[in-house]
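See below for the structure under consideration.
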Amino acid sequence: QTTTTDGNGNYTFSAFPASTYEVAFNPGAANGNYSSSYYGGNSPTAFQVGEGQTVSGINGQLITDGGVSGQLTDQATGQVISGIKVDLLSGTGTLLGQTTSDGGGNYSFTGIPPGTYEVVFNPSASNASWNSSYYGGASPTQFAVSDGQTTQNINGQLFTGGLITGTVTDSAHHGIGGVYVQ
């Protein structure tokens with residue numbers, strides 16, 4: 001069954017048969033800055049309802065979503081970098097969202113449930129002079145998003161790669177095409 005809370009946040013279900021139940025709390029579109037939850041927290045907790053019994057105290061607490069923001073700069077010059085793809089990853093590395101750094105090198109994610117996250121900065125072919133990087137450097141550094149807070153200064157520094165060139169020839173110094181160089 002589904003019901004809606006009143007102005008004080010109270011709800012009631014009636015006419016249940018005796019059984020085991022779980023309750024989920026979904027904020028809906030009108031309360032979009034909250035994350036869904038269950039009786040018992042982030043995962044459902046079952047409880048028993050006996051014949052003719054009233055079970056009270058099946059309360060829920062919605063958590064306010066947070067956010068993440070930061071800025072990208074060039075490691076060598078300190079200049080801001082725009083147009084770089086920014087990936088938000090779960091603490092286990094699952095892709096959760098993407099955005100692009102703006103003209104001031106800034107990026108942000110909103111509507112992020114509290115938890116542990118990572119960020120990776122991925123230049124595309126159009127800005128391939130920079131190498132990919134994580135928040136924290138060459139390997140992922142996790143950070144926390146708290147209830148209703150924006151975690152700021154998740155900044156990135158990208159660096160330009162070096163350039164290696166050369167020529168492959170035969171013993172007569174003629175260039176040889178089609179050689180794989182690794």
Side-chain angles (χ1 to χ4, degrees), residues 1-72 82-102 104-124 132-157:
Q1 292 187 17
T2 299
T3 190
T4 304
T5 57
D6 66 17
N8 294 317
N10 298 311
Y11 74 92
T12 301
F13 286 113
S14 59
F16 282 124
S19 190
T20 302
Y21 293 95
E22 298 172 348
V23 174
F25 306 101
N26 183 344
N31 298 297
N33 60 330
Y34 292 104
S35 294
S36 297
S37 69
Y38 296 94
Y39 166 67
N42 291 332
S43 57
T45 299
F47 59 93
Q48 297 286 323
V49 176
E51 189 71 34
Q53 178 185 18
T54 297
V55 178
S56 59
I58 306 301
N59 301 325
Q61 182 176 24
L62 298 182
I63 304 297
T64 308
D65 288 339
V68 176
S69 67
Q71 186 180 54
L72 288 168
S82 63
I84 302 294
K85 183 176 73 167
V86 181
D87 295 337
L88 178 67
L89 309 174
S90 70
T92 59
T94 302
L95 178 65
L96 301 174
Q98 293 181 324
T99 191
T100 303
S101 60
D102 67 15
N106 300 304
Y107 75 91
S108 65
F109 293 97
T110 58
I112 308 302
T116 303
Y117 297 92
E118 300 171 357
V119 168
V120 63
F121 309 103
N122 289 310
S124 64
S132 293
S133 178
Y134 288 95
Y135 162 68
S139 59
T141 299
Q142 295 185 344
F143 59 90
V145 172
S146 299
D147 181 13
Q149 302 296 312
T150 296
T151 303
Q152 300 177 358
N153 298 316
I154 304 301
N155 301 326
Q157 289 189 326

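Only a predicted model underlies this, so the values are computations on that prediction, with no experimental measurement involved.
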Determine whether Phe25 and Thr5 satisfy the following criterion, side chain to side chain contact (heavy atoms under 4.5 Å, CB included), listing intermediate values before the conclusion. CA-CA 10 Å; Phe25 306 101; Thr5 57; 5.9 Å; no

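- A donor and an acceptor atom, one from each side chain of Gln98 and Asp87, are located under 3.5 Å apart.
- Among residues two or more places apart in sequence or in another chain, the ring pair (Phe, Tyr, Trp, His ring centres under 6.0 Å) test is passed with Phe121 by Tyr107.
- By the 6.0 Å contact criterion, OH on Tyr11 is enclosed, its count of non-hydrogen atoms from other residues, nucleotides or ligands being greater than 12.
- Evaluation of the side chain to side chain donor-acceptor pair (under 3.5 Å) rule for Thr4 yields no partner, not counting sequence neighbours.
- Applying the ring pair (Phe, Tyr, Trp, His ring centres under 6.0 Å) rule to Tyr134 yields no partners; only residues at least two apart in sequence or on another chain are considered.
- Checking Ile112, Thr151, Ile154, Leu89 one by one against Tyr117, the side chain to side chain contact (heavy atoms under 4.5 Å, CB included) holds for a single residue, Ile112.
- With sequence neighbours left out, the side chain to side chain donor-acceptor pair (under 3.5 Å) criterion links Thr92 to Ser90.
- With hydrogens and angles ignored, the 3.5 Å screen pairs no side-chain donor or acceptor of Ser133 with any backbone N or O of Ala138.
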Determine all donor-acceptor pairs shorter than 3.5 Å in which one atom belongs to a side chain in residues 51-69; sequence neighbours excluded.
residue	atom	partner	partner atom	Å
Gln53	OE1	Gly50	N	2.5
Asp65	OD1	Ser35	OG	2.2

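- When all heavy atoms of Asp102 and Ser82 are compared, the pair lying nearest together is O-CB, 2.9 Å.
- Phe143 meets the ring pair (Phe, Tyr, Trp, His ring centres under 6.0 Å) test with Tyr135; sequence neighbours excluded.
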